[in-house]
Amino acid sequence: MKTKITGHDLKALGFTQGKWMKEAITYINGNKLEGEEMKTYLEQFKSPDPIGLHTTAVDFSINIKAENEEEKYNVDKVINSMQTLMKTPTLVGGAIMPDACPAGPDGTIPVGGVAVAKNAIHPGMHSADICCSVMLTDFGKADPKDILDAAHANTHFGPGGRDRDSQFRFPKALLEAFESNYFLKDGNMLQIARSHLGTQGDGNHFLFVGTSKKTGNTMMVTHHGSRGPGARLYTKGMKIAERFRKELSPDTKKQNAWIPFETEEGQSYWDALQIIRAWTKTNHEVLHNSVAETLELEIENRYWNEHNFVFKHGNLFYHAKGATPMDAKFMPDITGPRLIPLNMSEPVLIVEGNTTKTNLGFAPHGAGRNVSRTQHRKSKTGSTMQIFKEETLGLDIRFFSKEIDITELPSAYKNAKAVRQQMDEFNLGEVIDEVMPYGCIMAGDWQKNAPWKVRREKKKQNRK
DNA sequence: ATGTCC
């Protein structure tokens, strides 16, 4: 006489534990299935065969050239990492831009990288700062200093969000969108989305004012991403992707895990990305509008583009981590030209372009870093104030925290001329206008006087 | 990237 089948027996047959087991055991025992009959019934619960890596890396186009030894080291590292990345089973194409910089362990998409996946969204390939973007408003013949002063009074840099009394109104459409989405609906997420609206964060984010080379008009350009809400979505997305990776493709590197588009999770994540994009666009708009309102100015023109995002075309998902989408097919709602900033002392480029065989429809997103922040800080041994003055001569540069961030000065970035020259050489968009710098605001080194740093400094002093 | 852990 045969004993009843248990979950233990099914695991011994190589099945993975799951919700399905309870029902299956009842069915098997209820219908007294055994032998071949049971095996046939269990077929439906078999895990799919693991998806292996591509045996050879998928080809990708290299739109970058090293100009010196330091850059050669960086470019080699970027190319090596891309070669590992391009073995990810979902990928069918890729490219790197002239401002490419290595990021993370080998096989991680570099900043300045594009990766094209079939039917898959890879949270690790669109960057942690989802929808990091640039927006421009043309304020006509306004005085650049007035714009910078008003913007300085209205914007917010540094960690966290706004106090309750200085928050912008949270649009109802955004509220409803957040509440409708699995990834975005929790209360904490909404609270952060409210308080972070109209904030720019830190790092390389900026508020830039300058004048058009073509018209002389005063233009304001903001650069920032999705702040807290986007960072949280990214973390959640990576967790879901990791669950799929373990089940579908354990050989895939953790940072390259994906969410299959044709799943409930895939659809929700895709929707969440679009909602975060709408939030981020609003995050720019409230700042630009507040300047117009403060100064009672007419807005003559406005456009924007993201450079960290996933763009869908058919069943292909173009992941851009620090690459400017040029082809209109990526952005049904974007009508203006694109914006490519370089550094605080250089113009913001206004660019148009299209797909070629080698650019995949993208251009660089900026100048890119020469060396890491830490390395750059170490290389600058003189007086910070002196270096700041030399590198920003004639410009009105302000740090929101009132502390200079030496790692954001022009010397931290790749040579702007070289990046522009490589844009020409590799056919990465045509510059149609330039916003000549008047001044800009960045977060500055807000951590300089943080309690833990002050404590560390004191210890150092005591040892001397 | 980020109220650097819901």
Side-chain angles (χ1 to χ4, degrees), chain A residues 99 101-105 108-113 121-134 156-164 166-167 170 178 181-206 222-243 254-257 269 272-273 275-277 279-281 283-284 306-310 319-323 341 365-366 368-369 372-374 400-401 405 407-408 412 442-453 455-456:
Chain A
D99 56 338
C101 293
T108 307
I109 186 172
V111 175
I121 310 174
H122 296 257
M125 296 183 198
H126 58 48
S127 157
D129 190 7
I130 300 170
C131 202
C132 189
S133 42
V134 261
H156 177 293
F157 278 97
R162 289 175 175 267
D163 298 333
R164 214 164 222 305
S166 69
Q167 285 176 12
F170 197 72
F178 270 73
N181 186 272
Y182 166 78
F183 287 95
L184 305 175
K185 64 181 166 196
D186 77 82
N188 206 2
M189 176 76 97
L190 266 164
Q191 201 192 323
I192 293 170
R194 275 180 199 283
S195 68
H196 284 205
L197 195 64
T199 71
Q200 300 196 258
D202 63 2
N204 61 357
H205 298 155
F206 62 73
T222 47
H223 172 222
H224 55 262
S226 52
R227 308 280 293 110
R232 276 164 167 265
L233 175 62
Y234 170 77
T235 306
K236 289 185 182 189
M238 285 302 271
K239 274 191 190 142
I240 301 278
E242 175 60 10
R243 224 186 277 161
K254 206 172 162 156
Q255 67 269 34
N256 295 328
Y269 190 70
L273 288 172
I275 296 164
I276 286 297
R277 181 176 186 270
W279 183 94
T280 308
K281 188 180 184 187
N283 193 22
H284 287 279
E306 62 275 63
H307 47 231
N308 290 353
F309 208 62
V310 193
H319 298 72
K321 176 169 162 186
H365 82 307
R369 263 175 204 289
S372 74
R373 278 174 196 278
T374 330
F400 201 79
S401 67
D405 181 352
T407 68
E408 286 302 332
M442 296 191 85
D445 189 359
W446 58 270
Q447 298 185 68
K448 197 180 175 207
N449 296 313
W452 63 89
K453 280 213 167 173
R455 243 177 280 135
R456 205 188 298 158

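Just so we're on the same page: letters track the sequence lines, and every chain starts at 1.
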| request: Remember a base hit wins even if backbone is also touched, and classify A:Gln447 as base, sugar-phosphate or nothing at under 4.0 Å, heavy atoms. | output: nothing
| Closest-nucleotide ordering on DNA chain B, the 5'-leading residue of A:Asn188 and A:Ser127 | A:Ser127
| request: Provide the start and end nucleotides, 5' to 3', of the part of DNA chain B that has atoms under 4.0 Å from heavy atoms of chain A. | output: B:dA1 to B:dC6
| Heavy atoms under 4.0 Å, any strand shown: does A:His196 hit a base, just sugar-phosphate, or nothing? | base
| Base, sugar-phosphate alone, or nothing: which one does A:Ile130 contact when heavy atoms must sit under 4.0 Å apart? | nothing
| said: Heavy atoms only, 4.0 Å cut-off, all strands: where does A:Gly225 land among base, sugar-phosphate and nothing? | reply: nothing
| task | Determine which pairs satisfy salt bridge (Lys or Arg N to Asp or Glu O under 4.0 Å) with at least one residue from residues 184-193 of chain A, sequence neighbours left out, and list them in order. | result | A:Asp186-A:Lys236
| query | Taking only residues two or more places apart in sequence or in another chain, which ones pass salt bridge (charged side-chain N to carboxylate O under 4.0 Å, His left out) with A:Glu306? | reply | A:Arg277
| note | By nearest-heavy-atom nucleotide on DNA chain B, the more 5' of A:Arg227 and A:Lys239 is A:Arg227
| field | Side chain to side chain, A:Arg232 and A:Ile192, heavy atoms closer than 4.5 Å | value | yes
| message | Show every side chain to side chain donor-acceptor pair (under 3.5 Å) that has at least one partner inside residues 191-205 of chain A, sequence neighbours left out. | response | A:Asp129-A:His205, A:Thr155-A:Gln200, A:Thr199-A:Arg227, A:Gln200-A:His224, A:Asp202-A:Trp446
| message | Going by the rule ring pair (Phe, Tyr, Trp, His ring centres under 6.0 Å), which residues pair with A:Tyr234 if we only count those two or more places apart in sequence or in a different chain? | response | none
| query | By side chain to side chain contact (heavy atoms under 4.5 Å, CB included), which residues pair with A:Asn256, not counting sequence neighbours? | reply | A:Leu85, A:Thr88, A:Met125, A:Thr252, A:Lys253
